[in-house]
Engineer: 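The structure's right below; bear with me while I get my questions together.
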Amino acid sequence: MRTPLLVCGSLLVAAALAADTHIRVGCHSDGYYNYGNVVPPADSEVEYWIGGGRLAYITPRLRLVLDGPSGTFLVVDRNDSSCVELPLPLDASKSVSPDVQSYFMQDRAGGTVVETVELRIDGRPCQGYEVRFWIEEQDSRYEDRIETIWTTQDVPFDLETYHLFTRVLHGLYRDVTHWDAALVDQLNSVRGFPVLREGKYFMKGVPRNATRRLVEMTDEDPPPRVYSVPMEIEREALLTLKHVNPFPYHGEWGILE
């Protein structure tokens with residue numbers, strides 16, 4: 001009578017291992033005053049699905065998909081149902097349209113990443129990092145963003161999939177929005193998945209506080225096609241200005257949010 005129980009137990013373990021990880025992250029930005037307009041506080045939520053060497057990052061506007069096994073990176077516009085499918089590793093000269101390159105032509109950005117303290121957040125052991133960004137305009141440099149990030153390696157998925165995703169996006173920042181290569185190397189050295197991000201962003205010198213906090217991390221079966229798109233969706237060859245956030249530093253992956 002023990003064999004069926006062992007078989008059932010093995011099947012349950014296999015099913016658990018087959019499930020992907022679903023992550024919900026809550027995002028909040030304080031209101032601020034900008035050129036005579038009062039911008040109200042904003043709350044939103046983003047999602048990750050991670051499993052089998054693939055990662056889908058979903059915002060209200062876009063879905064970004066890293067497909068490690070096929071060596072592709074998808075940018076799916078959820079508003080007009082179009083998709084850009086790019087080969088990995090990304091080559092900005094072949095993946096990004098000239099209008100995007102021109103849009104960020106004058107930008108120069110750099111910064112530092114400093115490891116800080118270890119602590120537990122929501123029961124998870126976390127490592128802290130202080131990240132500072134600066135922007136150059138003509139002959140002046142000003143601080144654009146100060147952020148504290150706490151990351152954990154206590155996760156049920158392969159962290160290397162997430163780290164590959166971060167390297168792809170950091171590479172776009174380096175090649176398109178001219179982030180300093182040394183800063184990108186420092187960012188790529190950050191290990192673990194963010195549990196809490198607390199940032200202060202500066203809009204023409206006026207601070208705006210923002211947070212991103214892990215809400216939920218569960219093992220679930222992914223929705224159909226979360227890592228792919230139907231064949232009938234229009235494919236585009238290049239990333240264009242419609243995919244770009246005009247304030248690419250004010251978000252985790254702002255260049256494509």
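FYI, the numbering just counts along the sequence from 1.
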Engineer: Nearest 0.5 Å please: distance from the CG atom of Asn188 over to the NE2 atom of His170.
Structural biologist: 6.0 Å

Engineer: Go through the steps for Glu47 and Arg24 under the test salt bridge (Lys or Arg N to Asp or Glu O under 4.0 Å), then give the verdict.
Structural biologist: CA-CA 5 Å; Glu47 297 177 78; Arg24 294 168 50 226; over 6 Å; no

Engineer: Kindly compute the distance separating CG (Leu214) from CG (Asp122), expressed to the nearest 0.5 Å.
Structural biologist: 7.0 Å

Engineer: Can you see which heavy atom on Arg174 is nearest to which on Val184, and at what distance?
Structural biologist: CB-CG2, 3.7 Å

Engineer: Compare every heavy atom of Ala56 with every heavy atom of Tyr227, then report the nearest pair and how far apart it is.
Structural biologist: CE2-N, 3.7 Å

Engineer: Strictly by modelled atom types, are His178 and Asp180 linked by a side-chain donor-acceptor pair under 3.5 Å?
Structural biologist: no

Engineer: Answer yes if Phe157 and Val215 sit in the same cluster of Ile, Leu, Val, Met, Phe, Trp and Tyr residues linked by side chain heavy atoms under 4.5 Å apart, and no otherwise.
Structural biologist: no

Engineer: Could you check whether any side-chain N or O of Thr152 sits under 3.5 Å from a backbone N or O of Pro125, counting only pairs where one atom can act as donor and the other as acceptor?
Structural biologist: yes

Engineer: Please determine whether residues Val76 and Leu62 belong to a single hydrophobic cluster, defined as Ile, Leu, Val, Met, Phe, Trp and Tyr linked transitively by side-chain heavy-atom distances below 4.5 Å.
Structural biologist: no

Engineer: At their closest point, which heavy atom of Val155 faces which heavy atom of Phe193, and how far apart are they?
Structural biologist: CG1-CB, 4.2 Å

Engineer: Ile149 versus Thr151: any side-chain heavy-atom pair under 4.5 Å?
Structural biologist: yes

Engineer: Below 30° counts as parallel, above 60° as perpendicular, anything between as tilted: where do the rings of Phe165 and Tyr48 land?
Structural biologist: perpendicular

Engineer: I'd like to know if the side chain of Arg54 and the backbone of Gly68 have a donor-acceptor N/O pair within less than 3.5 Å.
Structural biologist: no

Engineer: Check whether any side-chain heavy atom of Phe73 lies under 4.5 Å from a side-chain heavy atom of Leu169, and answer yes or no.
Structural biologist: yes

Engineer: Answer with yes or no after comparing the ring centroid distance for Tyr129 and Trp150 against a 6.0 Å cut-off, counting only values under it.
Structural biologist: no

Engineer: So Glu118 and Cys126, do their side chains get closer than 4.5 Å, heavy atoms only?
Structural biologist: no

Engineer: Output the distance between atom CG (Asp77) and atom CD (Glu236), rounded to the nearest 0.5 Å.
Structural biologist: 8.0 Å

Engineer: Could you check if a side-chain atom of Thr112 sits within less than 4.5 angstrom of a side-chain atom of Leu183, using non-hydrogen atoms only?
Structural biologist: no

Engineer: Give a yes or no answer on whether the side chain of Arg63 reaches the backbone of Ser228 with a donor-acceptor pair at less than 3.5 Å.
Structural biologist: yes

Engineer: How close do Ala210 and Ser29 get, heavy atom to heavy atom, and via which atoms?
Structural biologist: CB-OG, 3.8 Å

Engineer: Which heavy atom in Gln101 sits nearest to a heavy atom in Asp175, and how many Å separate them?
Structural biologist: OE1-O, 3.9 Å

Engineer: Does any part of the side chain of Arg191, heavy atoms only, come nearer than 4.5 Å to the side chain of His163, both counted from C-beta?
Structural biologist: yes

Engineer: If two hydrophobic side chains count as joined below 4.5 Å and joins carry through other members, does Tyr162 share a cluster with Val46?
Structural biologist: yes

Engineer: As an exercise, state the distance from CZ of Arg167 to CG of Leu90, rounded to the nearest 0.5 Å.
Structural biologist: 12.5 Å

Engineer: Between the side chain of Thr72 and the main-chain N/O of Leu86, is any donor-acceptor distance below 3.5 Å?
Structural biologist: no

Engineer: Should Leu64 and Val226 be regarded as members of a common hydrophobic cluster, given that ILVMFWY residues are connected when their side-chain heavy atoms come within less than 4.5 Å of each other, either directly or indirectly?
Structural biologist: no

Engineer: For the CD1 atom of Ile146 and the CD atom of Glu198, what is their distance to the nearest 0.5 Å?
Structural biologist: 13.0 Å

Engineer: Which pair of heavy atoms, one from Asp154 and one from Arg124, lies closest together, and at what distance?
Structural biologist: O-NE, 3.9 Å

Engineer: Without swapping roles, check the side chain of Arg208 against the backbone of Asp30 for a donor-acceptor pair under 3.5 Å.
Structural biologist: yes

Engineer: Apply salt bridge (Lys or Arg N to Asp or Glu O under 4.0 Å) to residues Glu147 and Lys200 and explain how you reach the verdict.
Structural biologist: CA-CA 6 Å; Glu147 188 174 27; Lys200 187 182 295 291; over 6 Å; no

Engineer: Pick one: which of Val65, Leu66, Val84 meets side chain to side chain contact (heavy atoms under 4.5 Å, CB included) with Leu74?
Structural biologist: Val65

Engineer: Can you hop from Ile23 to Leu164 via hydrophobic side chains spaced under 4.5 Å?
Structural biologist: yes

Engineer: To the closest 0.5 Å, what do you measure between CH2 (Trp179) and CD1 (Ile135)?
Structural biologist: 8.5 Å

Engineer: Sub-3.5 Å donor-acceptor pair from the side chain of Gln186 to the main-chain atoms of Val113, do we have one?
Structural biologist: yes

Engineer: Kindly indicate whether the side chain of Asp20, heavy atoms from C-beta on, has any atom under 4.5 Å from the side chain of Ile50.
Structural biologist: no

Engineer: Looking only at the side chains, is there a donor atom on one of Ser102 and Asp99 sitting less than 3.5 Å from an acceptor on the other?
Structural biologist: no

Engineer: Side chains of Arg213 and Ile121, heavy atoms from C-beta outward: is any pair under 4.5 Å?
Structural biologist: yes

Engineer: Main chain of Leu239, side chain of Ser97: is a donor-acceptor contact present, judged purely on distance under 3.5 Å?
Structural biologist: yes

Engineer: Do Val229 and Arg235 come close enough that some side-chain heavy atom pair is under 4.5 Å?
Structural biologist: yes

